Visitor: 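Can you read through this structure? Questions will come right after.
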Amino acid sequence: MDKGILREIENLKKQRNAIILAHNYQREEIQDIADFVGDSLELSRKAVNLDCDVIVFCGVHFMAETAAILNPNKTVLLPEKDAGCPMADTVDVNQLKEWIKKYPNSPVVSYVNTTAEVKALSYACCTSANAPQIVRAVPFNSIIFVPDKNLAHWVKKQVPEKELIIWDGFCPTHHMIKREDVIKAKEMHPDALVVVHPECIPEVIEMADHVASTSGMVRFAKSSPAKEFIIGTEVGLLHRLKKENPEKHFYPLKKTMLCPNMKITTLHSVLSALKENKHVIKVPEEIRIKAKEAVDRMLHLVS
Ligand code: 13P
Ligand code: SF4
């Protein structure tokens, strides 16, 4: 590790009164320099009332956008402008508007993995950490749920009383995991508990001992008496799991569970972001205000 770059980042952070937020899927070295590492819900919460001028968001575009929605007076930087989310990109705004017209009594609940424009069309947002609670709390019997169909099916199982009109989106990193992968992983580690993310397909979720958001997995691993865990999410989370539970063992459900977008950000990108003030994420005010209502509703519904 080049200590020079770490020092430079630290100095620039002080000069600019900046805070680094990192998602649990970021590279190890990025997690290690971050002021806060978390899941989408924790990062959204953290972004509110941060005492800083600059937020360097090491994650993907929709996450930095959420921070910008909540912090209009701060500079929000996404170190790599091409760090997007293919699942968020599946929502076509015009098609969503058609659905809203077609189902006038069904408000939209959008996973935070959406653009600000989609959030602005939503009644409330949700994350993988709170989706069932949000769907239960929304005072309508029918809901348009975008964009993750796997998360939607998992929610529906827990909240069967609500009708969900489901968008056909998914996360390629989680969707690729099949039953056979779980069987193989269990054969290799017969004593391990299987923990998977709700973005996995229903057949995989059915085989799991526990289903949780990324930080939910961290809490589960800490509190469980088990010593071994097969982790069914992006492999970046294993760094935090191992760091916080050095006496336990964690195995990726599949080593290829990688999100290329989450891995673009490097220490060099963070340094350039702070030096050159790039890439500033701004949401047009009219969209920001509407999107904020949906994010705030989420934060209040589950506080
Ligand atoms: P969480 O960290 O909220 O579980 O989100 C997973 C994810 O895929 C983010 O892109
Ligand atoms: Fe999007 Fe999946 Fe990557 Fe998360 S892991 S950013 S949902 S593609």
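Order of listing sets the numbers, starting from 1, for every ligand and every atom in it. Computed from a prediction, not measured in an experiment: that's the story for all the values here.
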Visitor: Does N261 have a heavy atom less than 4.0 Å from any atom of ligand 2?
Guide: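 Contact absent.
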Visitor: Should D32 and K243 count as an ion pair when the cut-off is N to O under 4.0 Å?
Guide: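 Salt bridge flag = yes for K243 with D32.
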Visitor: I need the atoms of ligand 1 closer than 4.0 Å to a non-hydrogen atom of H23, numbered in the order shown.
Guide: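 Matching atoms, with element in brackets: 1 (P), 2 (O), 5 (O), 9 (C).
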Visitor: Should K222 and E244 count as an ion pair when the cut-off is N to O under 4.0 Å?
Guide: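 A salt bridge links K222 with E244.
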Visitor: Work out whether the distance between some heavy atom of M87 and some atom of ligand 2 is less than 4.0 Å.
Guide: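 The answer is yes, since M87 has a heavy atom less than 4.0 Å from ligand 2.
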Visitor: Measuring from the heavy atoms of M63, does anything fall under 4.0 Å of ligand 1?
Guide: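 True for this residue.
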Visitor: Is there any N or O on T214 that sits under 3.5 Å from an N or O of ligand 1?
Guide: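 Among all N and O atoms of T214, at least one is under 3.5 Å from an N or O of ligand 1.
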Visitor: Pick from K14, K275, K3, K13: which one makes a salt bridge (Lys or Arg N to Asp or Glu O under 4.0 Å) with E8?
Guide: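 Only one option passes, and that is K275.
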Visitor: Give the atom numbers and elements of ligand 1 that come within less than 4.0 Å of a heavy atom of H197.
Guide: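 Matching atoms, with element in brackets: 1 (P), 4 (O), 5 (O), 6 (C).
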Visitor: Any atoms of ligand 2 less than 4.0 Å from a non-hydrogen atom of C171? List them with their elements.
Guide: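 Once the distances to C171 are compared, the set is 2 (Fe), 5 (S), 7 (S), 8 (S).
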Visitor: Classify the angle between the aromatic ring planes of H197 and H174 as parallel (below 30°), tilted (30 to 60°) or perpendicular (above 60°).
Guide: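 Correct class here is tilted.
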Visitor: Does a side-chain heavy-atom distance below 4.5 Å link K119 with T66?
Guide: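 Heavy-atom side-chain distance check passes, below 4.5 Å.
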Visitor: So, is N24 polar-close to ligand 1, with some N/O to N/O distance under 3.5 Å?
Guide: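 No, N24 has no N/O under 3.5 Å of an N/O on ligand 1.
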Visitor: Among protein heavy atoms, which sits nearest to atom 5 (O) of ligand 1, and what does the distance come to when rounded to 0.1 Å?
Guide: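 Scanning the protein heavy atoms, the shortest distance from atom 5 (O) of ligand 1 goes to S40 OG, 3.4 Å.
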Visitor: Does the pair R16/E10 count as a salt bridge with the N-to-O cut at 4.0 Å?
Guide: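 Result for this pair is no, no salt bridge flagged.
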Visitor: Taking only Lys NZ, Arg NE, NH1 and NH2, and the carboxylate oxygens of Asp or Glu, determine whether R45 and E42 approach each other closer than 4.0 Å.
Guide: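 A salt bridge is absent here (no side-chain N lies under 4.0 Å from a carboxylate O).
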Visitor: From atom 8 (S) of ligand 2, work out which of P86, G84, A83 has a heavy atom at the shortest distance.
Guide: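 Answer by nearest heavy atom: P86.
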Visitor: For atom 1 (Fe) of ligand 2, what is the nearest protein heavy atom, given as residue, atom name and distance?
Guide: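 Scanning the protein heavy atoms, the shortest distance from atom 1 (Fe) of ligand 2 goes to C85 SG, 2.4 Å.
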Visitor: Against ligand 1, does E234 come closer than 4.0 Å with any heavy atom?
Guide: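 The answer is no: ligand 1 sits nowhere under 4.0 Å from a heavy atom of E234.
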Visitor: Among all the protein's non-hydrogen atoms, which is closest to atom 10 (O) of ligand 1, and how far away is it?
Guide: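 Minimum-distance protein heavy atom for atom 10 (O) of ligand 1 reads N113 ND2, 3.5 Å.
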Visitor: Just wondering, do S142 and N105 contact through their side chains at under 4.5 Å, heavy atoms?
Guide: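 Side chain of N105 against side chain of S142, heavy atoms only: no contact under 4.5 Å found.
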Visitor: Atom 8 (O) of ligand 1: which protein heavy atom is closest, and how many Å away?
Guide: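 Nearest protein contact, heavy atoms only, for atom 8 (O) of ligand 1 is E199 OE2, 3.1 Å.
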Visitor: Closest non-hydrogen protein atom to atom 7 (S) of ligand 2, residue and atom name please, with distance?
Guide: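 Scanning the protein heavy atoms, the shortest distance from atom 7 (S) of ligand 2 goes to N113 ND2, 3.2 Å.
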Visitor: Is E199 close enough to touch ligand 2? Criterion: a residue heavy atom under 4.0 Å from a ligand atom.
Guide: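 Yes, that is the case, since the closest heavy atom of the residue is under 4.0 Å from the ligand.
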Visitor: Quick test of your reading of the model: are E276 and K278 salt-bridged, counting only N-O distances below 4.0 Å?
Guide: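 Counted as a salt bridge, because a side-chain N and a carboxylate O are separated by less than 4.0 Å.
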Visitor: Evaluate the side-chain proximity of L151 to F145: yes if any heavy-atom separation is below 4.5 Å, no if none is.
Guide: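 Side-chain contact under 4.5 Å: yes.
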Visitor: Would you say D39 has any N or O atom under 3.5 Å from an N or O of ligand 1, going by distance alone?
Guide: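 So ligand 1 has no N or O lying under 3.5 Å from an N or O of D39.
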Visitor: With heavy-atom distances below 4.0 Å as the criterion, list the atoms of ligand 1 near S213.
Guide: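 Counting atoms of ligand 1 from 1, those under 4.0 Å from S213 are 4 (O).
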Visitor: What protein heavy atom sits nearest atom 3 (Fe) of ligand 2, and how far away is it?
Guide: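 Atom 3 (Fe) of ligand 2 sits closest to the protein heavy atom C259 SG, 2.4 Å.
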Visitor: Evaluate the ring planes of F220 and H210, with Trp represented by its six-membered ring, and classify them as parallel (under 30°), tilted (30 to 60°) or perpendicular (over 60°).
Guide: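 If you compare the ring of F220 with that of H210, the planes turn out parallel.
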Visitor: How are the rings of W99 and Y103 set to each other: parallel, tilted or perpendicular (split at 30° and 60°)?
Guide: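 Ring orientation of W99 relative to Y103: perpendicular.
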Visitor: Should S128 be listed as contacting ligand 1, given a heavy-atom distance under 4.0 Å as the test?
Guide: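 For ligand 1, residue contact (heavy atoms, under 4.0 Å) with S128 is present.
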